[in-house]
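Have a look at the structure below before the remarks.
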Amino acid sequence: KQEVTQIPAALSVPEGENLVLNCSFTDSAIYNLQWFRQDPGKGLTSLLLIQSSQREQTSGRLNASLDKSSGRSTLYIAASQPGDSATYLCAGSSGDKLTFGTGTRLAVRP
Amino acid sequence: GAVVSQHPSRVICKSGTSVKIECRSLDFQATTMFWYRQFPKQSLMLMATSNEGSKATYEQGVEKDKFLINHASLTLSTLTVTSAHPEDSSFYICSAKRDSLTEAFFGQGTRLTVV
């Protein structure tokens with residue numbers, strides 16, 4: 001059974017810092033890994049999708065990497081802004097199902 | 001990205017009544033839709049997987065007679081919470097995928113409060 005863990009659980013940084021969020025998974029037989037953002041009381045916004053054959057994906061200030069052999073993915077946020085404050089969730093896909101991590105609550109201080 | 005619309009965003013109902021939540025994929029056909037439940041400050045818990053035209057597959061511990069799922073078309077799935085109780089109060093989120101290998105897109109979520 002797939003288990004997904006995210007470290008740290010919470011993070012507070014000053015505006016402008018570059019930061020890394022970590023995601024680890026136990027079953028390397030994943031089809032893809034997806035990173036999401038969730039604002040309080042809202043649904044999930046898809047940020048990046050990395051297929052199992054890919055190593056990384058980039059979108060604007062976001063870069064996500066995937067290392068299946070070590071069971072790890074990282075989300076890199078460059079030049080963080082207060083508007084980046086949210087909970088970030090990673091999820092591994094095995095077939096149709098997504099298994100979610102526990103999330104990282106990010107606060108970017110002005 | 002694709003758009004998934006969930007309605008209503010908030011609902012308050014009395015104990016014993018039933019509540020229906022709709023999930024629509026607006027600009028793509030979703031072969032599979034998923035229903036999740038999220039408790040405060042916790043991650044999403046998959047409740048069931050819904051395939052168009054067939055019965056939903058429920059996760060262990062989820063009562064299928066309490067959480068009725070209907071996937072009548074490739075763009076609509078509904079979750080009905082029957083005989084709701086206060087402990088059913090939660091945040092329910094749906095998602096949809098075109099197929100197994102593609103991105104999952106999520107609805108805005110529904111905050112259900114049972115009084």
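Lettering follows sequence order; numbering is per chain, from 1. Scope of the values below: all heavy atoms of this structure, side chains included, with no hydrogens, waters or symmetry mates.
Summarising the local packing, CZ of B:Arg10 is surrounded by 12 or fewer heavy atoms from other residues, nucleotides or ligands at distances under 6.0 Å. The neighbour count for B:Lys66 NZ, taken as heavy atoms of other residues, nucleotides or ligands under 6.0 Å away, is above 12. Heavy-atom neighbours of A:Arg72 CZ from other residues, nucleotides or ligands within 6.0 Å: at or below the threshold of 12. Around CZ of A:Arg55, the count of heavy atoms belonging to other residues, nucleotides or ligands within 6.0 Å does not exceed 12. Within 6.0 Å of CG in B:Leu26 there are more than 12 heavy atoms belonging to other residues, nucleotides or ligands.
Interface residue B:Gln38: only side-chain heavy atoms are found under 4.5 Å from chain A.
Clustering ILVMFWY residues whenever any of their side-chain heavy atoms sit less than 4.5 angstrom apart, transitively, puts A:Phe36 in a cluster other than the one holding A:Leu49. Tracing side-chain contacts under 4.5 Å through hydrophobic residues (I, L, V, M, F, W, Y), one never reaches B:Leu68 starting from B:Val114; they form parts of separate clusters. Note on A:Val4 and A:Leu47: same hydrophobic cluster, where clusters join Ile, Leu, Val, Met, Phe, Trp and Tyr whose side-chain heavy atoms are under 4.5 Å apart, directly or indirectly. The same ILVMFWY cluster, assembled from side-chain heavy atoms under 4.5 Å apart, contains both A:Trp35 and A:Leu62.
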Problem set entry | Test log, rule side chain to side chain contact (heavy atoms under 4.5 Å, CB included), inputs B:Ser43 and A:Gln6 | CA-CA 11 Å; B:Ser43 194; A:Gln6 289 184 247; 6.0 Å; no
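Side-chain atoms of A:Gln34 come within 3.5 Å of backbone N or O of B:Ala104 as a donor-acceptor pair.
With values rounded to the nearest 0.5 angstrom, A:Lys97 atom NZ is found 11.5 Å from B:Thr32 atom OG1. Here NZ of A:Lys42 is found 9.0 Å from CD of B:Gln108. Values are rounded to the nearest 0.5 Å. Rounding to the nearest 0.5 angstrom, the gap separating the OG atom in A:Ser46 from the CZ atom in B:Phe106 is 8.5 Å.
The most heavy-atom pairs under 4.5 Å with chain B, out of A:Leu98, A:Thr45, A:Thr99, A:Leu89, come from A:Leu98.
Proximity to chain A among residues 76-93 of chain B is limited to B:Phe91, B:Ile93, judged by heavy-atom separations below 4.5 angstrom.
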